[in-house]
Amino acid sequence: VLGKKKIDEETFENLEEILITSDVGPRAALDLIERVQKKVKYGEYDKADRIRNYLKDEILQILAARQQSLDTSKATPFVIMTLGVNGSGKTTTIAKLANQFQSEGKKVLLAAADTFRAAAIEQLEVWGGRLGCDVIKQKKGSDPSAVAFDAVHAAKARKADVLIIDTAGRLHTKVNLIEELKKIKRIIEREHPGAPHESLLVLDATTGQNAISQAKTFRETLGYTGIILTKLDGSAKGGVIVGICDELEIPIRYIGIGEQMDDLREFNAREFVDALFD
Amino acid sequence: SLNERLTVVFRKLKGHGKLTEENIKGILREIRLALLEADVNFRVVKDFIEILRKRSIGQEVLESLTPAQQVIKIVNEEVTNLLGGERSSLNLTGSQPVPLMFVGLQGSGKTTTVGKMARHLVRGNQQPFLIPADVSRPAAIEQLRQLGESLQVPVYTPQPGDSPVAICKKALDEARGRGCAAALIDTAGRWHVDEPLMEELRAIQRAVNPKEVLFLADAMTGQEAVNVACKFDEVLNITGVILTKMDGDARGGAALSIKSVTQKPIKFIGTGEKLDDFEIFYPERLSSRILG
Ligand SMILES: Nc1nc2c(ncn2[C@@H]2O[C@H](COP(=O)(O)OP(=O)(O)OP(=O)(O)O)[C@@H](O)[C@H]2O)c(=O)[nH]1
Ligand SMILES: Nc1nc2c(ncn2[C@@H]2O[C@H](COP(=O)(O)OP(=O)(O)OP(=O)(O)O)[C@@H](O)[C@H]2O)c(=O)[nH]1
Ligand SMILES: [Mg+2]
Ligand SMILES: [Mg+2]
């Protein structure tokens with residue numbers, strides 16, 4: 001009986017290590033392990049594979065509930081706004097989204113509402129050029145809400161199917177920058193009731209537990225309707241998304257798996273869980 | 001905070017006489033949790049807890065009238081020790097222009113930090129020359145050009161089609177011709193596991209012989225920070241680390257992992273998006289932040 005307990009402990013310790021090193025976080029990991037421990041039947045304690053599968057299923061349940069793809073046909077123009085901390089991959093993700101929608105036969109318009117960072121507008125313009133997609137812009141330093149205003153009107157006038165608005169990176173802790181986003185949202189909604197139809201939080205998969213703080217704070221102060229997890233093509237597993245899904249119940253629309261315009265995939269819970277345990 | 005949690009743990013132990021191995025276990029569990037929540041690497045935490053365990057079953061805790069304070073003091077000391085060591089400044093020795101290379105993952109803050117370093121050098125009366133060697137990211141060259149312009153610092157104009165190595169060689173010649181004190185090389189973000197791109201960095205290093213190879217790490221990086229830093233260090237023998245985005249609320253445990261595993265000094269931190277949001281690194285401040 002003592003030997004059995006030791007195997008059981010070792011199995012759970014190994015699983016805890018897999019979870020923590022995948023950035024699931026120690027509390028979420030412990031919570032998941034405890035849920036699994038309740039499920040393991042008396043005779044199964046020495047079946048490490050079966051216990052592992054219980055754990056995978058537990059995580060799959062949480063993530064599958066958030067696997068909800070984006071339907072851009074719900075409005076015209078369908079307005080998407082990206083938001084997230086500095087360097088998470090917003091601008092590149094917009095190029096990928098535009099590419100995706102164009103391949104579906106949609107007419108896409110982009111808006112360079114990051115009027116702050118050096119060469120942010122030029123960066124989006126390069127992508128626009130590669131996509132054959134127009135970019136609404138103003139001078140660097142202008143009000144991002146003014147760009148959003150122009151973009152919504154242009155999208156309507158040009159009969160665009162989708163309008164994607166790029167915003168400057170900002171740490172969730174900067175109150176004045178959150179206010180700026182709120183104003184952009186207000187202007188968009190005023191000029192096109194119901195818009196933005198999707199606001200996407202772009203999270204970097206290499207981020208640790210701070211991603212939870214980002215997800216919660218952006219949710220409380222501003223609100224958003226979907227998540228994109230980028231940079232999953234490296235060695236980071238993005239496990240922090242498990243806790244985020246469990247707690248915040250926000251759909252994960254896509255994942256970013258590279259730096260080119262076709263490096264976008266719809267979020268697939270099963271594949272994500274398998275990759276976590278690879 | 002860890003301080004508060006440990007005080008609660010110790011309060012429960014009061015009146016039990018001497019601390020036992022069992023008590024110590026409970027205390028170490030709290031510390032382990034705090035470190036993991038702060039993104040310190042799993043393995044680094046394991047080794048660190050073992051160091052703490054040996055110290056906390058020693059005289060200084062067991063004989064102390066205030067064991068909680070003693071343990072907290074030890075934890076802070078050990079974390080600060082791990083993070084610090086000799087205060088490390090920028091290596092600007094040797095013939096000018098001294099090449100400094102900036103490397104790291106995608107979006108970690110390299111280009112912006114090159115700008116910050118340039119401003120730092122200008123204030124120290126050292127004329128920098130900026131070299132945009134990122135030919136893959138859209139408008140990366142333009143980004144560095146604009147930063148240089150805002151500082152009135154010269155920036156090399158790459159010839160279209162030139163490789164990063166060719167850009168660096170030609171740029172260094174121009175920097176020398178201009179009599180600049182330092183040449184700052186901005187490189188494209190890349191995965192540590194992308195062999196050809198890591199080899200490209202090695203090629204740049206061989207071509208220009210930088211005095212500093214600075215690894216930029218995002219303060220919010222998770223468990224992989226160790227593997228990333230290790231690989232960059234293995235390939236390039238980095239000379240220092242710069243932590244970016246320290247103005248957020250990330251606990252910054254990745255710094256502890258990176259430092260303990262590479263033993264390379266953390267030299268500066270980025271504390272914002274503006275070019276003057278750049279500070280010298282102080283281990284004690286990060287220590288209390290990681291412990292929460
Ligand atoms: N490997 C990889 N790199 C990515 C991915 N998404 C974005 N990147 C890279 O990450 C870096 C930052 O991307 P950006 O699109 O500029 O990020 P951002 O959020 O717009 O940045 P700011 O506007 O400065 O806040 C670039 O080098 C991109 O190529 C991804 O899925 N995989
Ligand atoms: N808040 C904050 N933002 C920072 C800091 N350092 C850089 N940034 C921002 O982080 C984002 C990415 O910075 P870049 O300098 O483009 O990063 P990079 O490493 O050159 O990116 P790639 O070249 O694509 O790999 C930008 O929005 C910067 O303004 C910092 O210390 N604090
Ligand atoms: Mg951007
Ligand atoms: Mg860059």
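In what follows, chains are A, B, ... by sequence order, proteins preceding strands, each numbered from 1.
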Given that the side chain runs from C-beta out, which part of [X] has a heavy atom under 4.5 Å from chain B: side chain, backbone, both or neither?
| X | value |
| --- | --- |
| A/T21 | both |
| A/K237 | neither |
| A/Q123 | both |
| A/Q214 | side chain |
| A/S213 | side chain |
| A/V240 | neither |

Problem - A/D31/A/R35 ion pair, N-O < 4.0 Å - result: yes

Problem - Between B/E224 and B/N227: side-chain donor-acceptor atoms closer than 3.5 Å - result: yes

Output the option from [options] having the highest count of non-hydrogen pairs under 4.5 Å with chain B.
| options | result |
| --- | --- |
| A/A120, A/G87, A/A118, A/A211 | A/A118 |
| A/E122, A/R27, A/E259 | A/R27 |
| A/L124, A/T173, A/D233, A/D204 | A/D233 |
| A/Q209, A/K231, A/E17 | A/E17 |
| A/V126, A/T230, A/T92 | A/V126 |
| A/K140, A/R170, A/K174 | A/K174 |

Given that the side chain runs from C-beta out, which part of [X] has a heavy atom under 4.5 Å from chain A: side chain, backbone, both or neither?
| X | answer |
| --- | --- |
| B/Q223 | both |
| B/D249 | both |
| B/D247 | both |

N/O donor to acceptor pairs below 3.5 angstrom from side-chain atoms of residues 113-121 of chain B, sequence neighbours left out:
from, atom 1, to, atom 2, distance (Å)
B/T113, OG1, B/G109, O, 2.6
B/K116, NZ, B/G272, O, 2.6
B/K116, NZ, B/D277, O, 3.1

To the nearest 0.5 Å, tell me how far [X] [atom1] sits from [Y] [atom2].
| X | Y | atom1 | atom2 | value |
| --- | --- | --- | --- | --- |
| A/N86 | B/E273 | CG | CD | 4.0 Å |
| A/L131 | A/F101 | CG | CZ | 12.0 Å |
| B/D162 | B/T157 | CG | OG1 | 12.0 Å |

Fill in the blank from the handout: Looking only at B/K245, B/R137, B/R32, most heavy-atom pairs under 4.5 Å shared with chain A are made by B/R137

Exercise for the section: Just do the side chain to side chain contact (heavy atoms under 4.5 Å, CB included) check on B/R285 and B/E279 with the steps written out, would you? Expected result: CA-CA 12 Å; B/R285 288 188 205 165; B/E279 298 174 13; 3.9 Å; yes

Exercise for the section: Classify the angle between the aromatic ring planes of B/F215 and B/F232 as parallel (below 30°), tilted (30 to 60°) or perpendicular (above 60°). Expected result: tilted

Practice task
Step through the shown structure and confirm whether more than 12 heavy atoms of other residues, nucleotides or ligands are within 6.0 Å of CD on B/E199.
Solution key: yes

Handout entry: Heavy atoms of other groups near A/R117 CZ, more than 12 under 6.0 Å
Key = yes

